[in-house]
Protein chains: 2
Amino acid sequence: MGVSIVDVAAQANVSTATVSRALRGLPRVSESTRAKVLATAQSLGYVASPSASGLASGRTRTVGVLVPFLDRWYFGHVIEGMDQVLRDNGYNLLLFSLGGYRHGKMRRFTESMVRKQIDALVVLTLGLSAEELRQLHRTDIPLLSVGGPVEGCSGVYIDDGAAATAAVEHLIALGHRRIGYLRAGIQDEKNFEVPALRTIAFETALAKAGLELRPAWCMVGDFTVAEGQRAAARIFDAPGEQPTAIFSGSDEMALGLIFEAQRRGIRIPAQLSVVGIDDHEFSASAGLTTVGQKPLEHGKTAAGMLLAELGGTPHSLRETLMPFELMVRDTTAPPPR
Amino acid sequence: MGVSIVDVAAQANVSTATVSRALRGLPRVSESTRAKVLATAQSLGYVASPSASGLASGRTRTVGVLVPFLDRWYFGHVIEGMDQVLRDNGYNLLLFSLGGYRHGKMRRFTESMVRKQIDALVVLTLGLSAEELRQLHRTDIPLLSVGGPVEGCSGVYIDDGAAATAAVEHLIALGHRRIGYLRAGIQDEKNFEVPALRTIAFETALAKAGLELRPAWCMVGDFTVAEGQRAAARIFDAPGEQPTAIFSGSDEMALGLIFEAQRRGIRIPAQLSVVGIDDHEFSASAGLTTVGQKPLEHGKTAAGMLLAELGGTPHSLRETLMPFELMVRDTTAPPPR
DNA sequence: CTGTTAGCGCTTTCAG
DNA sequence: CTGAAAGCGCTAACAG
């Protein structure tokens, strides 16, 4: 049933080695031979068996993507971007989803899941334990993080500190002095730095402006709308003075906050300003002021670096800071007098 | 560097054939031998090479998932569910993203992308052309659709007609007689039936209640928030009488509509009721009344059937209707008098 | 520029 | 229950 390389070779009156070279675009094949091989391969509908070439060459032309879960705006876009450039270059994308660290028990990611299956691994915005990192490094395939820094490997992401600073300074410039914070934290991943970076930036910006950081205005959520809503409720329910503005560590939480504010009749931005980070696909429609990033580009950039590295250009993997941009929309305004 | 099956065989004083059998749990291996093999494999950190076993057996233990794009709530959850059960059974998930048909030019999905790489293919909510279907069937690997029916292959999805009917009848039961419709359509995919099924159900339910279908209240969008918002704006801007309720073919569009209504000061549900389909993760927080479905379960179910089929139980792939449920929340109420 | 020849690491008859 | 041996389909030296 399957037409193999020998069929093509026979049909084209050349050796299998020549067919292999011709089809892979290697040098040392005359143009006429190459054309002939290409034509007969085409006419026979020949496609090389990935298993066979993988076994023979030791390369699988597949990159693995390790992701905590898929139902998150950022992840979907990064993967989409990676898949686009990977596939355009004849590479496959093998997905490893951990099924969520939110459930507390992160499925064990073992070196064996990866072994001999992929030529490179991308770790999506996710902290790995020291032990896991050690294992991964031991496989000695290129390793790259996307979405945040991971110690011991290069990464593609925005400067989270600077982005958070931009958000908070926008609020301060507007005249806000009572600023709250929805912190996007993830319990199980102590290692993962993005939340911490944003938090530090928030605190620094506040301190620089001589503003007070009130614990009652700072709540932690897990990046999701539902958690944003819950965290917002806790702030709104707190006795005493309310903040006039809230910075949310993710747009999804900011949206949850907005929903909760609406439910309570709190008017945004008249009574309360909100700024997020991400530019989630819902944000423009919701009119949410945010610091936007472009995960699709993160994915493309990461894939490009990986391809270069695998293509034989060493040291193609480098720390890469992607751009971000403050997008002022309708949820921020000067504080009420 | 790599420890291979011969190392294990040597170490355990058995043949490679026995190692292979023992490790794969095949019968005809004594328990003592199996234990010994398992132990030495473990101690050597042996993992079989997928390329080699794929080449030798003709099976890759990988299932492909063809998806139009990833940044959609439904897709992410389905994939997550599939990946969970697939991986628990030693299967891998290879992702093929078409990069979106919304851009008009769907990247050509050729049989060659699939060939010899996967043991089965899942097509996610996506219409394929007759030609593409023919090609896929020719590869003779099991084919399964998820999210909607695809002619010529079994599928896992909800009864879209019944779900839409439930939504509309809820509106009618509330007393609404002027009902609008945000149609979730996809231009490039004439073949894909889900939008049509929902539309027919909408029209039928209206007719059954003796209600008028006004073109000015029916707008088409592409499933996204942004489009929902645009479509809603078109309805709101239309001269003449406004609907008192709107049924949206997807929660994402319903949310867009809600954002637009808010922007214009239209009060929901006092002035306008809204009901969607999906139970998107944002819907509960937004208080959106909707007909919920559980894509994670769709994915698990699909993967289970595939595994059974690949495991040697023929005819495991069958048309499977998944449950849905009307979830009444805060966006529906009787029409204003 | 092209052909020969070994494998790559496993699975799978077929014997025993 | 276990072993020997023949490939699976391709790539990668090495010749020529």
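Just so it is clear: chains get the letters A, B, ... in the order the sequence lines come, proteins before strands, and each one is counted from 1.
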*Asks:* Atom CZ of A:Arg21 and atom C1' of D:dG9: how far apart are they, to the nearest Å?
*Replies:*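 Computing the A:Arg21:CZ to D:dG9:C1' distance gives 16 Å.
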
*Asks:* For B:Tyr157, what residues pass the ring pair (Phe, Tyr, Trp, His ring centres under 6.0 Å) criterion, not counting sequence neighbours?
*Replies:*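 Per chain and number, B:Tyr157 pairs via ring pair (Phe, Tyr, Trp, His ring centres under 6.0 Å) with no residue.
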
*Asks:* Taking B:Ala52's backbone N and O only, do any of them form a donor-acceptor pair with B:Ser49's side chain (distance below 3.5 Å, no angle check)?
*Replies:*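 Side chain of B:Ser49 to backbone of B:Ala52: a pair is present.
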
*Asks:* Identify, residue by residue, the members of residues 23-44 of chain A with a heavy atom below 4.0 Å from DNA chain C, and return them in order of residue number, or none.
*Replies:*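 Heavy-atom contacts with DNA chain C come from A:Arg28, A:Val29, A:Ser30, A:Thr33.
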
*Asks:* What do the steps show when you test B:Ile79 against B:Leu124 for side chain to side chain contact (heavy atoms under 4.5 Å, CB included), and what is the final call?
*Replies:* CA-CA 9 Å; B:Ile79 295 174; B:Leu124 263 192; 3.9 Å; yes

*Asks:* For B:Asp83 and B:Glu80, indicate whether the former's side chain and the latter's backbone hold a donor-acceptor pair under 3.5 Å.
*Replies:*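 No.
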
*Asks:* Between the two ends of the helix from C:dC1-D:dG16 to C:dG16-D:dC1, what is the bend in degrees, rounded to 10 degrees, where each end axis spans five pairs?
*Replies:*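 Answer rounded to 10°: the end axes differ by 30°.
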
*Asks:* What is the separation between atom CG on B:Leu55 and atom P on D:dC10, rounded to the nearest whole Å?
*Replies:*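 B:Leu55 atom CG is separated from D:dC10 atom P by 9 Å.
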
*Asks:* What distance do B:Thr40 atom OG1 and B:Lys36 atom NZ have between them, rounded to the nearest 0.5 Å?
*Replies:*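 Those atoms lie 8.5 Å apart.
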
*Asks:* Would you kindly give the CZ-to-C1' distance between B:Arg59 and D:dC8, to the nearest whole Å?
*Replies:*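 Atom-to-atom, B:Arg59 to D:dC8, this comes out as 12 Å.
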
*Asks:* In this structure, which one of A:Val122, A:Leu98, A:Leu94 forms a side-chain contact (heavy atoms from CB on, under 4.5 Å) with A:Leu66?
*Replies:*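 By the side-chain contact (heavy atoms from CB on, under 4.5 Å) criterion, A:Leu66 pairs with just one of A:Val122, A:Leu98, A:Leu94: A:Leu98.
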
*Asks:* Shoot me the first and last contacting nucleotide of DNA chain C against chain A, ordered 5' to 3', at under 4.0 angstrom to non-hydrogen atoms.
*Replies:*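 Footprint of chain A along DNA chain C, 5' to 3': C:dC1 to C:dG9.
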
*Asks:* Tell me the closest heavy-atom pair linking B:Gly45 and B:Val3, and the distance in Å.
*Replies:*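 That closest heavy-atom pairing would be O-CG1, 4.2 Å.
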
*Asks:* Can you check whether B:His315's main-chain N or O pairs, donor with acceptor, with B:Glu309's side chain at less than 3.5 Å?
*Replies:*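 Yes; at least one donor-acceptor contact below 3.5 Å.
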
*Asks:* Heavy-atom contacts under 4.0 Å between residues 8-17 of chain B and DNA chain D, which residues?
*Replies:*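 Nucleic-acid contacts, sorted: B:Asn13, B:Val14, B:Ser15, B:Ala17.
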
*Asks:* Is the side chain of A:Arg61 donor-acceptor paired with the backbone N or O of A:Asn89 at a distance under 3.5 Å, no angle test?
*Replies:*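 Yes.
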
*Asks:* So, the side chain of B:Thr60 versus the backbone of B:Gln117: is there a donor-acceptor pair under 3.5 Å, distance only?
*Replies:*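 The answer is yes, because a donor-acceptor pair under 3.5 Å joins these two groups.
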
*Asks:* Could you pull out all residues at least two apart from B:Arg34 that satisfy salt bridge (Lys or Arg N to Asp or Glu O under 4.0 Å)?
*Replies:*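 Once residues adjacent in sequence are excluded, the partners of B:Arg34 under the salt bridge (Lys or Arg N to Asp or Glu O under 4.0 Å) criterion are B:Glu31.
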
*Asks:* Side chain of A:Arg59, backbone of A:Asp119: donor and acceptor closer than 3.5 Å?
*Replies:*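 Flag not set: sc A:Arg59 to bb A:Asp119 has no pair under 3.5 Å.
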
*Asks:* If only side-chain N and O atoms of B:Thr18 are considered, is one of them under 4.0 Å from the OP1 or OP2 phosphate oxygen of D:dG3?
*Replies:*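 For D:dG3, OP1/OP2 do have a side-chain N/O of B:Thr18 under 4.0 Å.
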
*Asks:* Any side-chain N or O of A:Ser51 below 4.0 angstrom from OP1/OP2 of D:dC8?
*Replies:*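 So the side-chain polar atoms of A:Ser51 never come under 4.0 Å of the phosphate oxygens OP1 or OP2 of D:dC8.
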
*Asks:* Can you confirm whether more than 12 heavy atoms, excluding those of A:Lys116, are under 6.0 Å from its NZ atom?
*Replies:*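 Yes, because the 6.0 Å sphere around NZ of A:Lys116 holds more than 12 heavy atoms from other groups.
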
